[in-house]
Structure formats: structure tokens, C-alpha cells
Amino acid sequence: MNMYDNENTVQKSFDDQYLSEDLLQAQWAEFTELKKVISEVYLKKGSPLTLLDIGIGSARIARHLSAIPEMWQMIETYEGTDNAEACIKLSQATAKELHIEDKLKVHLLDAIHLEQLHKKYDLIICTWFTPGNFYPDDFSFDSYNDSSKRFDLSKNEKFSTIFSKAYSLLNSGGEIILGACYIDNDNTRKKQEQSYQKMGMKVITNANDSFTATKELFWSQRFTQEKIKAYLPFVAPENIVFTALDPYDYAMQIRIKK
């Protein structure tokens, strides 16, 4: 089971009426910054890009890009992965609805197995706070709420492994874009908790954690710039660029250049 195996939770996660204003504005802020990156990488390459979307969800990014002909022509192929069957069905329905099946392809694949794609990409994106969803395998959703011991996230091997594999799939000059990541502070934690509670979930973490988790198997980590650099030891620090998505330290975009 994973967080998107619950159909009710999936529907609420992609329904604007259940999303806080902070989340809705973060969606558009990340998309605006992503368009800038796509344009920049496209101009540098001089031809349309091969793109991989890790955790494609409902194919929201593909939907918005394909609605702008000037942006969609910058994309040669758009592939997506997800480990939830519900999300694969949603993204396939989006491709069919928009008549973009020729360019948009999706794979039911856990991000930990990205090497199975056997391809190279100019741009790999992971949007909508998905980078913070990769939690360690030894985390117990059943017992954590009653535990006095807090989970140590000085290392996150799953995060590091996934993006190490993603980095190896990049063409020279390519980039990984972590579209939106929560910034680790108490104000953001409270906003996360309020968002999950609005969706009807029970939060099982507290102010001593650097992530928010729920009984319904949702997990979302908050990051500092220092922690991101520590999680990505295979990338030179000067090749990691942070862009604030708002003026109140809620979310940031991270560009990882090769």
C-alpha cells in the first residue's frame, strides 16, 4: 500500500475544493518557474526536449503545458511514472481527453526502479511536493503516533537513491527539477497539518518532526538547503540552485544541473 492507493484520498488530493490557498498558489508558482526552466533548456539545446515526470499523478503539468502551443512544441516526448494504479489511470484519461497520446506516455513504476526505463532525458521533473513523499522503508505509520522517539532524517537513503538514479538518466547539460519542496519551519508544518486535516486525515507527527505524516499513509518531508545538499552528494553544490516560490518561506524549487 502507498499514499495514493486510497481512491478517496486520491480524489481529494487532486480536487481544488480540498486544497488550501497556500497549496493552490504553490501549484501556479511552481508551474511558472517550470516554464522558465523548460524554455531555458530548450533554447540551450536548440531542439525539443525529452522529459520525464516522476510521480505524474493526474498529469496536471502535461495538461497545462499542452494548453500552451508555444510550450508544448518545446517537448519532443513527455513520459511519466507513478507507483499508484489510480494515478496511472488518471494520467491516461488526461492524455486521451486532450488527444496527446502521441507525446504523453505513462509507466506504472516505483521511482526506486527508475533504471528500468533504460533511456536518457533532457529534463526530469518531480512536482507538486512529490520529492518530499519518498519516506524511508522502516517508518511505521501504525505505531509512530504513540512513540516518544522521533525519526532521524539526517539521511534519507530512498530520496538519495531515487535522485541518484534520475541523475544518471540525464543527458549532458540536462537538469532535474524538484518543482516544489516544503521549507522546514514551524509555520510550514502548521500549514501542512491544516491541509491534511482539511482532506479528513489524521496527523500522527508533531512539532519535533521535520516531516508531516498521517494515519492514511501520507508523508511529506520539509527541507533546508543544507539537507538537500547532504542528500545529493553526487552533485556539486554549485550545480544545485534554489528558487523561492513565495515570500514567506513555504516552498522552493530546486534545480539540479548536470
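Residue indices begin at 1 and follow the sequence shown. Bear in mind the structure is a predicted one, so any value in this text is a computation, not a measurement.
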>> Could you check whether any side-chain N or O of Asn185 sits under 3.5 Å from a backbone N or O of Asp249, counting only pairs where one atom can act as donor and the other as acceptor?
In response: yes

> Do Arg189 and Phe211 meet the cation-pi criteria used here (NZ or CZ under 6.0 Å from the six-membered ring centre, within 45° of the axis)?
Replying inline: no

> For the residue pair Ile61 and Glu30, what are the closest heavy atoms and their distance?
Replying inline: CD1-OE2, 4.3 Å

> Got a donor-acceptor contact below 3.5 angstrom from the Lys165 side chain to the Leu114 backbone?
Replying inline: no

> Can you list the steps and then say if Phe223 with Tyr182 is a ring-ring contact (aromatic ring centres under 6.0 Å, His included)?
Replying inline: CA-CA 6 Å; Phe223 301 94; Tyr182 289 116; 8.9 Å; no

> Any salt bridge (charged side-chain N to carboxylate O under 4.0 Å, His left out) pairs touching residues 224-237, not counting sequence neighbours?
Replying inline: none

> Backbone N or O of Cys126 within a donor-acceptor pair of the Thr130 side chain at under 3.5 Å?
Replying inline: no

>> Do Asp82 and Leu90 make a side-chain contact, defined as non-hydrogen atoms from C-beta onward lying under 4.5 Å apart?
In response: no

> Does Ile112 offer a backbone N or O that forms a donor-acceptor pair with the side chain of Lys158 under 3.5 Å?
Replying inline: no

>> Please check this pair: side chain of Lys103 against backbone of Trp72, looking for a donor-acceptor N/O pair closer than 3.5 Å.
In response: yes

> How far apart are the closest heavy atoms of Ile254 and Cys181, and which atoms are they?
Replying inline: CD1-SG, 3.7 Å

>> Tell me if a side-chain donor or acceptor on Lys191 pairs with a main-chain N or O of Gln194 at a distance below 3.5 Å.
In response: no

>> Which label fits Phe31 and Trp28: parallel for a plane angle under 30°, tilted from 30 to 60°, or perpendicular past 60°?
In response: perpendicular

>> Keeping Asn156 on the side-chain end and Tyr231 on the backbone end, is there a donor-acceptor pair under 3.5 Å?
In response: no

>> Going by the rule ring pair (Phe, Tyr, Trp, His ring centres under 6.0 Å), which residues pair with Tyr42 if we only count those two or more places apart in sequence or in a different chain?
In response: none

> What distance separates Gln192 CD from Ser20 OG, expressed to the nearest 0.5 Å?
Replying inline: 10.0 Å

> Any donor and acceptor pair, going by atom type alone, linking the side chain of Thr205 with main-chain N or O of Ala213 inside 3.5 Å?
Replying inline: yes

> When the ring planes of Phe139 and Phe141 are compared, do they come out parallel, tilted or perpendicular, using 30° and 60° as the limits?
Replying inline: perpendicular

> Heavy atoms, side chains only, cut-off 4.5 Å: are Arg150 and Asn206 in contact?
Replying inline: yes

> Measuring from Leu169:CG to Asp122:CG, what's the distance to the nearest 0.5 Å?
Replying inline: 12.0 Å

> Strictly by modelled atom types, are Glu193 and Gln197 linked by a side-chain donor-acceptor pair under 3.5 Å?
Replying inline: no

>> Whether the Arg222 and Thr212 side chains hold a donor-acceptor pair (N or O, under 3.5 Å, no angle test) is what I'd like checked.
In response: yes

> Aromatic rings Tyr135 and Trp219: how do their planes relate, parallel, tilted or perpendicular, breaks at 30° and 60°?
Replying inline: tilted

> Can you find a heavy atom in the side chain of Phe151 that is under 4.5 Å from one in the side chain of Pro136?
Replying inline: yes

> Could you give the distance from CD1 (Ile177) to CD1 (Ile38), rounded to the nearest 0.5 Å?
Replying inline: 8.5 Å

> Have Gln25 and Asp246 got a donor and an acceptor in their side chains that come within less than 3.5 Å?
Replying inline: no

> Can you check whether Ser168's main-chain N or O pairs, donor with acceptor, with Lys120's side chain at less than 3.5 Å?
Replying inline: yes

>> So Tyr121 and Glu79, do their side chains get closer than 4.5 Å, heavy atoms only?
In response: yes

> For the side chain of Gln221 and the backbone of Ser210, is there at least one donor-acceptor N/O pair under 3.5 Å apart?
Replying inline: no

> Going by heavy atoms in the side chains, are Phe163 and Leu178 under 4.5 Å from each other?
Replying inline: yes

> When rounded to the nearest 0.5 angstrom, what is the spacing between OG1 in Thr81 and CG in Leu109?
Replying inline: 6.0 Å

> Counting heavy atoms not belonging to Lys44, are there more than 12 under 6.0 Å from its NZ?
Replying inline: yes

